[in-house]
Amino acid sequence: MQPCEGTDVVPPNSRSHTVLMAGTFVGYKQVLVRLNFGIDGSNNVAMKLCVRSEDEDVSDAIHQIIQDA
């Protein structure tokens with residue numbers, strides 16, 4: 001997967017950020033990902049993942065990979 005539209009660069013002192021990614025999964029399945037990060041006052045990080053693919057199993061697999069990391 002590759003970041004899109006320059007979203008791989010986080011502005012300095014940012015408390016939240018969105019990364020857009022696109023790529024090809026095993027079996028030549030196209031995948032789009034939106035990953036939102038946020039940090040609170042206690043420096044805890046929250047992450048929200050949205051995955052789109054023409055194959056629901058691919059979307060589920062990517063969610064599982066991130067969850068298990």
Side-chain angles (χ1 to χ4, degrees):
M1 303 210 60
Q2 298 271 328
C4 302
E5 302 176 11
T7 59
D8 55 326
V9 178
V10 180
N13 301 317
S14 181
R15 304 225 29 102
S16 64
H17 186 68
T18 299
V19 179
L20 304 174
M21 294 184 284
T24 304
F25 197 73
V26 176
Y28 302 102
K29 303 289 184 175
Q30 296 297 312
V31 181
L32 300 174
V33 171
R34 182 178 63 229
L35 186 56
N36 299 84
F37 292 96
I39 189 167
D40 65 13
S42 301
N43 290 328
N44 295 313
V45 175
M47 181 173 64
K48 181 179 176 184
L49 177 69
C50 181
V51 181
R52 296 287 184 258
S53 174
E54 53 198 28
D55 185 337
E56 187 176 342
D57 290 337
V58 171
S59 295
D60 292 342
I62 291 176
H63 275 100
Q64 192 64 47
I65 289 166
I66 297 298
Q67 181 178 341
D68 293 344

I'd like a table of donor-acceptor pairs (distance under 3.5 Å, sequence neighbours excluded) in which one partner is a side-chain atom from residues 46-58, with atom names and distances.
unit_1	atom_1	unit_2	atom_2	d
Ser53	OG	Gln30	O	3.2
Ser53	OG	Asp55	N	3.2
Asp55	OD1	Asp57	N	2.9

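More than 12 heavy atoms of other residues, nucleotides or ligands shown are found within 6.0 angstrom of CG on Asp68.
With hydrophobic clusters built from ILVMFWY side chains whose heavy atoms lie under 4.5 angstrom apart, Met21 does not share a cluster with Val10. Residue Ile62 is not grouped with residue Leu32 when hydrophobic side chains (ILVMFWY) are merged at heavy-atom distances under 4.5 angstrom, including chains of intermediate members. Two different hydrophobic clusters hold Leu20 and Phe37 under the rule that ILVMFWY side chains link at heavy-atom gaps under 4.5 Å. Note: the hydrophobic cluster containing Val26 also contains Ile66 (ILVMFWY, side chain heavy atoms under 4.5 Å, direct or indirect links).
Closest approach of Thr7 to Thr18, counting heavy atoms only: CB-O, 3.5 Å.
The backbone N or O of Asp40 lies less than 3.5 Å from a partner atom in the side chain of Arg15, making a donor-acceptor pair.
To the nearest 0.5 Å, the span separating NE2 on His17 from CG on Leu35 amounts to 9.0 Å.
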